[in-house]
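Note that the coordinates shown come from a computational prediction; the quantities given were computed from them, not determined experimentally.
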Protein chains: 2
Amino acid sequence: MVVATRLKIGDVAKQTGVAVGALRYYESLGLLSSERGDNGYRYYSPEAVHQVQFIKKAQALGFSLEDVGDVLNVHQRGDVPCEFVRSLLQDKIQQLEAQIQQMMAFKADLEQYRDRWAESHPRPQPGDICPLIETVPLGA
Amino acid sequence: MVVATRLKIGDVAKQTGVAVGALRYYESLGLLSSERGDNGYRYYSPEAVHQVQFIKKAQALGFSLEDVGDVLNVHQRGDVPCEFVRSLLQDKIQQLEAQIQQMMAFKADLEQYRDRWAESHPRPQPGDICPLIETVPLGA
DNA sequence: TGGGACTTTATAGTTGACTAGAGAGTTTAA
DNA sequence: TTAAACTCTCTAGTCAACTATAAAGTCCCA
């Protein structure tokens, strides 16, 4: 009676804002799966939308599609012990933590950079040459 | 008498751990400058080493070489008012801040993900199927 | 029944940040 | 002095993550 909604590739594209071509590309990498209709069309379950959103989110944070696959493929194969997934997750969390620390340090650098310059130039004059970079070498 | 040390490209490569080809590439993008000797060789000042280190640092944090150029080119041309550089820096700082916030949120997601699973699986059995991804859809 | 919107595969092109190699000239240390 | 090591330019290739296009088939609705 109640047949689970089957989405066509264009529907998933619209709901996620991800291009049709990109979805096919994800499939080619094993990040996203679909069933094929008799017409050869791909049909997706509504969860596929979440899957794609997850991919985009991870990606926005600097994870590669391969990284994402490390987690998702494991799920799709459905045959890997939980401990493995858990350690993958733990790795990602630690990577993220390290990256956050680096970013905060770099941000502090940039702020110091900006503020030191502000001190020595309380009121920039038109035509000023900017001594910013050479006088406060960053990241040395 | 005292001539400032002139480094050859290979010296800079060794001191920074960046490949010779990459240094030439940076130059082609205007991120790094050198003087040419009569032999056609590039010669670098010791500050070039800091410049390259800065590039690598920014890059490691997800800034593109174009981003880096936004800051550095301004310096190399030496003719742009400070306020412009200041606003560039301010932009980068804010970008960084936003990214840090996102990363922290995502990290929290992953941790929740990991911990919820731990609750429901206090002692994973060998052969367990991992219900991690489907049961706790992330980033939905 | 038609036609526009959608789908398929396959191939090729794009961007960023390089690396690799050819072919030629230069420097340097034994 | 000569050979290894280094440098030059130029062209081509690589990898990731796509996008674009062609040629063909399918769906849907007025």
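Atom CZ of F54(A) and atom CG of L31(A) lie 10.5 Å apart (nearest 0.5 Å).
Residues passing the side-chain hydrogen bond (donor to acceptor under 3.5 Å, both in side chains) test with K56(A), sequence neighbours excluded: Y26(A), Q59(A). Residues satisfying the salt bridge (Lys or Arg N to Asp or Glu O under 4.0 Å) criterion with K107(B), sequence neighbours excluded, are E97(A), E111(B).
Residue whose closest nucleotide on DNA chain D sits further toward the 5' end, between F63(A) and N39(A): F63(A). Judged by closest nucleotide on DNA chain C, G10(A) is the one of G10(A) and V20(B) placed further toward the 5' end. Along DNA chain C, the nucleotide nearest Y44(A) and the nucleotide nearest I55(B) are compared for position; the residue whose nucleotide lies closer to the 5' end is Y44(A).
With dC6(C), dT9(C), dC18(C) as the candidates, the nucleotide lying closest to the side chain of R24(A) is dT9(C). Side-chain atoms of Q59(B) lie closest to dC18(C) of the nucleotides dT27(C), dC18(C), dG16(C).
Rounded to a whole Å, the OH atom of Y25(A) is 18 Å from the P atom of dT8(C). In this structure, CG of L7(A) is placed 15 Å from P of dC6(C), rounded to the nearest angstrom. One can place CD1 of I9(A) at 9 Å from C1' of dT7(C), the figure rounded to the nearest angstrom. Per the geometry, CG belonging to L32(B) stands 15 Å off C1' belonging to dA17(C), to the nearest Å. Atom C1' of nucleotide dT9(C) and atom CD of E27(A) are separated by 12 Å, given to the nearest angstrom. Atom C1' of nucleotide dC18(C) and atom CG of L23(B) are separated by 12 Å, given to the nearest angstrom.
Think of the region where chain A sits on DNA chain D: with heavy atoms and a 4.0 Å cut, that region ends 5' and 3' at dA17(D) to dC27(D).
Taking 4.0 angstrom as the limit, R42(A) places a side-chain polar atom (N or O) nearer than this to OP1 or OP2 of dT8(C). At least one side-chain nitrogen or oxygen of K56(B) sits closer than 4.0 Å to the OP1 or OP2 atom of dC18(C).
Side-chain contact between D70(A) and K92(A) is present, with heavy atoms from C-beta onward closer than 4.5 Å. Taking the side chain as every heavy atom from C-beta outward, I9(B) and Y43(B) never approach each other to under 4.5 Å.
Using a cutoff of 4.0 Å between basic side-chain nitrogens and carboxylate oxygens, E27(A) and R42(A) are scored as salt-bridged.
If you check every strand for non-hydrogen atoms under 4.0 Å, Y26(B) touches sugar and phosphate atoms only.
Contact annotation: side chain of Y41(B) to base of dG25(C), donor-acceptor pair present below 3.5 Å.
The main-chain N or O of F106(A) is never found under 3.5 Å from a side-chain atom of D109(A) such that the two would form a donor-acceptor pair.
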